[in-house]
Amino acid sequence: MRAEALKGHLDGLLLAALEDGPRHGYAVKEALRDTTQGRIDLPTGTVYPALHRLERAGLITGSWSVVGGRRRRTYELTGDGRAALIGERAGWQEFASAVTAALGTRSWPATS
């Protein structure tokens with residue numbers, strides 16, 4: 001999938017990847033890739049800055065842990081993040097419906 005097609009939807013995608021519970025940053029990236037059957041595989045250089053931005057906005061919260069001797073940051077949705085995800089989904093449904101209406105299949109007259 002072209003990266004520009006995701007523009008404006010990154011926050012919603014990342015919030016949705018955290019909906020089932022806390023995940024560390026790379027697991028957020030993997031969850032998104034897995035749920036889209038590999039069609040959305042974002043670079044870490046896109047995911048981590050977006051997670052930090054969502055944390056500053058209060059939509060997710062992060063905490064540090066040590067696993068296997070390595071520090072990692074785990075993120076989870078806040079109440080505001082859950083509300084934002086609901087809004088992102090509603091906005092997406094409206095957008096997808098409009099684009100489907102515009103690009104949907106039409107019957108064309110037969111040409112000879």
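FYI, side chains are in, hydrogens and waters are out, and symmetry mates aren't considered; it's all heavy atoms of this structure.
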Next item on the list: Measure the acute angle between the ring planes of His9 and Phe95, then classify it against the limits of 30° and 60° as parallel, tilted or perpendicular.
Entry: tilted

Notebook entry, point to check: Is there any salt bridge (charged side-chain N to carboxylate O under 4.0 Å, His left out) pair reaching into residues 83-104, and which pairs are they, with sequence neighbours excluded?
Noted result: Glu19-Arg89

Notebook entry, point to check: Could you state the interatomic distance from CG (Leu59) to CG (Asp11), rounded to the nearest 0.5 Å?
Noted result: 7.5 Å

Check: Taking all atoms of both residues into account, what is the closest heavy-atom pair of Leu13 and Ile40, and its distance?
Finding: CD1-CD1, 4.2 Å

Checklist line | Considering all heavy atoms, the nearest Leu15-Gly81 contact | finding: CD1-O, 4.0 Å

Note to self: For Glu76 and Leu18: C-alpha separation, side-chain torsions, deciding distance, then whether side chain to side chain contact (heavy atoms under 4.5 Å, CB included) applies.
What the structure shows: CA-CA 6 Å; Glu76 64 183 302; Leu18 289 167; 5.7 Å; no

Check: Do any pairs count as a ring-ring contact (aromatic ring centres under 6.0 Å, His included) and have a residue in residues 42-75, sequence neighbours left out, and if so which ones?
Finding: none

Next item on the list: Using side-chain hydrogen bond (donor to acceptor under 3.5 Å, both in side chains) as the criterion, list what pairs up with Glu30, not counting sequence neighbours.
Entry: none

Item checked: Contacts of Arg33 that satisfy side-chain hydrogen bond (donor to acceptor under 3.5 Å, both in side chains) - sequence neighbours left out -> none

Check: How far apart are the closest heavy atoms of Gly58 and Thr78, and which atoms are they?
Finding: O-OG1, 2.6 Å

Check: How many angstroms lie between atom CG of Asp80 and atom CG of Leu54, to the nearest 0.5 angstrom?
Finding: 12.0 Å

When the side chains of residues 97-104 are checked against the rest of the protein, which donor-acceptor pairs come out under 3.5 Å, sequence neighbours left out?
from   : atom 1 : to    : atom 2 : distance (Å)
Thr100 : OG1    : Ala96 : O      : 2.8

Check: Just how far is it from atom CZ of Arg39 to atom CG of Leu32, taken to the nearest 0.5 Å?
Finding: 11.0 Å

Next item on the list: Identify the heavy atoms of Leu85 and Ala16 that sit nearest to each other, and give their distance.
Entry: CD1-N, 3.8 Å

Next item on the list: Please report the shortest heavy-atom distance between Gly25 and Val47, naming the atom on each side.
Entry: O-CG1, 4.2 Å

Check: When rounded to the nearest 0.5 angstrom, what is the spacing between OG in Ser65 and CZ in Arg71?
Finding: 9.0 Å

Note to self: Restricting to salt bridge (charged side-chain N to carboxylate O under 4.0 Å, His left out), what partner residues turn up for Arg72, sequence neighbours left out?
What the structure shows: none

Next item on the list: For Glu55 and Gly62, work out which heavy atoms get closest and say how close.
Entry: OE2-N, 3.1 Å

Next item on the list: To the nearest 0.5 Å, tell me how far Leu42 CG sits from Leu10 CG.
Entry: 6.0 Å

Note to self: Once rounded to the nearest 0.5 Å, what's the spacing between atom CZ of Arg70 and atom NE2 of His24?
What the structure shows: 9.5 Å

